[in-house]
Number of protein chains: 2
Amino acid sequence: MSRDKVSLKMDVDTQTKIKNAARLMFHRKGFAATRTRDIAEEAGINLALLNYYFRSKQKLFDIIMMETMQSFFQAMAVVLNDEQSTFKEKITAIANNYIDLLSVEPEIPLFLMNAVRSNPNVIFEKLPIKQFFLNSVFIKQFDEMVSKGKIVHNDPLQFVVNMLGLIVFPFIARPMVKEVGGLSDIQFDKMMYERRRLIPLWIKFILKTK
Amino acid sequence: MSRDKVSLKMDVDTQTKIKNAARLMFHRKGFAATRTRDIAEEAGINLALLNYYFRSKQKLFDIIMMETMQSFFQAMAVVLNDEQSTFKEKITAIANNYIDLLSVEPEIPLFLMNAVRSNPNVIFEKLPIKQFFLNSVFIKQFDEMVSKGKIVHNDPLQFVVNMLGLIVFPFIARPMVKEVGGLSDIQFDKMMYERRRLIPLWIKFILKTK
DNA sequence: GTCTATAGGGGGATAGAC
DNA sequence: GTCTATCCCCCTATAGAC
């Protein structure tokens, strides 16, 4: 926020320009299929500058990967430990956050799934997702619901897989969904927007099934 | 099936050896990150033979891609147009077929999602998935259920996305699921096996929600 | 059909001028 | 900090012997 540079796109510094271009290309085509020359061109700078700022393609990729991972889990993390909201409200908030995020950046899920497969150790060492999730208020509330008999579906892992599957899978399968449904980009977005409302309802029923 | 060669792995001809190696490598790492040298080594043959049989890496990839796509939709196609089975039985059959297939070859979904994103036109021109799906007995039965008021969820596209999401997503997110749950490969498989039973139940409820 | 050897090009990275 | 020019390795593909 120094020198109020950040607000205007014209004035972004070179390092940021490179990162923005790299994010775009890596998200779209993955590590191996992206050429540093493409990133440089997209950023409107010379290839040498990329190595000047980031040393190597791999290091640049690692930065983008971790930042994207962070922002992806952010959409869930801000909700999970909120002491005020109910379990049900959390589900709605998570669905809304993800659908809003992924409607703007639909490439993120496939990018991340590929990145995790190729670099599981790097990622999970730096982001202790497991601990964060298992110790969250969300899981505490889930367990309470189970012990009170309000929900029957008692495996939190199966539950979170279902929730994320319903939210994230359509974005991963986007080209197929568009093809089978004969949808334009806008129609696809509308379909996803409708799921903001539907997913919490579906999940409510899933939670009552054992 | 000529000369009963097919039955023994030792006797597979060179072309098949190359295809098997290529399938393994492409499924695991995708097109760009796979080197023809790796395929040749995995197949136990010389690099030149790969080009002798398949002309280029791209042509070999296209063959693997189309075959994989075919076998993936096969798991659904054999069920969709069966006149004997009920709608409910079809759902169970599809879940079972996919979970059995993907437990043996968990790399397929991520491979296909990437391949479709990179080559949508090639694929959908050759495989008219949309027509096949929309004209299927399955969809006819779905519409009947809706008109009889037995199910309320009346968008077949939303429905199939949910069904495939519940079935396929865990395999795409496999490394994350294993991490968060602290699961071994065997435990992951057990979890997926349990979903054979659960998914039809969940879907039953989803179909009653609007 | 299968091999060795090598051509040919592409892509990541750096040297060095400005 | 930013550029031009270039190095050099790696990878796909082919030529040609057997």
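First the proteins, then the strands, lettered A, B, ... as listed; each starts at 1.
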Below 4.0 angstrom from OP1 or OP2 of dT2(C), is there any side-chain N or O of T14(B)? yes
Residues that Y53(B) engages under ring pair (Phe, Tyr, Trp, His ring centres under 6.0 Å), provided they are two or more places apart: none
Could you check which residues of residues 52-65 of chain A get a heavy atom under 4.0 Å from DNA chain D? Sort them by number, please. Y52(A), Y53(A)
Atom CZ of R35(A) and atom C1' of dC11(D) are separated, to the nearest Å, by 15 Å
For F72(B), enumerate each residue passing the ring pair (Phe, Tyr, Trp, His ring centres under 6.0 Å) test, keeping only those at least two apart in sequence or located in another chain. Y98(B)
Produce the list of close N/O pairs, under 3.5 Å, pairing protein atoms with atoms of nucleotides 3-6 of chain C; give distances to one decimal.
unit_1: dC3(C); atom_1: OP2; unit_2: N46(B); atom_2: N; d: 3.1
unit_1: dT4(C); atom_1: OP2; unit_2: N46(B); atom_2: ND2; d: 3.0

Rounded to whole Å, CG of N51(B) lies from C1' of dG8(C) at a distance of 14 Å
Could you go through residues 155-176 of chain A and list every donor-acceptor pair under 3.5 Å that involves a side-chain atom there, pairing it with any protein atom two or more places apart or in another chain?
unit_1: D155(A); atom_1: OD1; unit_2: L157(A); atom_2: N; d: 2.8
unit_1: Q158(A); atom_1: OE1; unit_2: R195(B); atom_2: NH1; d: 2.6
unit_1: Q158(A); atom_1: NE2; unit_2: M191(B); atom_2: O; d: 3.4
unit_1: N162(A); atom_1: OD1; unit_2: R195(B); atom_2: NH1; d: 3.1
unit_1: N162(A); atom_1: OD1; unit_2: R195(B); atom_2: NH2; d: 2.6
unit_1: N162(A); atom_1: ND2; unit_2: Q158(A); atom_2: O; d: 3.2

What residues from residues 24-34 of chain A pass a heavy-atom cutoff of under 4.0 Å to DNA chain D? none
Going by salt bridge (Lys or Arg N to Asp or Glu O under 4.0 Å), name the pairs with one or both residues in residues 65-82 of chain B, residues two or more places apart or in two chains. K19(B)-E67(B), R23(B)-E67(B)
Between C1' on dG11(C) and CD1 on I39(A), what's the gap in Å once rounded to a whole number? 12 Å
So, using side chain to side chain contact (heavy atoms under 4.5 Å, CB included) as the criterion, who are the partners of K130(B) when residues are at least two apart? E179(A), L134(B)
From the options R196(B), R197(B), K190(B), select the one residue that forms a salt bridge (charged side-chain N to carboxylate O under 4.0 Å, His left out) with E194(B). R197(B)
Which residues pass the side chain to side chain contact (heavy atoms under 4.5 Å, CB included) test with F132(B), not counting sequence neighbours? A77(B), L80(B), N81(B)
With sequence neighbours excluded, tell me which residues meet ring pair (Phe, Tyr, Trp, His ring centres under 6.0 Å) with F205(B). F205(A)
Pairs satisfying salt bridge (Lys or Arg N to Asp or Glu O under 4.0 Å), at least one member in residues 117-126 of chain B, at least two apart: E107(A)-R117(B)
With sequence neighbours left out, the residues meeting side chain to side chain contact (heavy atoms under 4.5 Å, CB included) with K57(A) are F26(A), F31(A), T36(A)
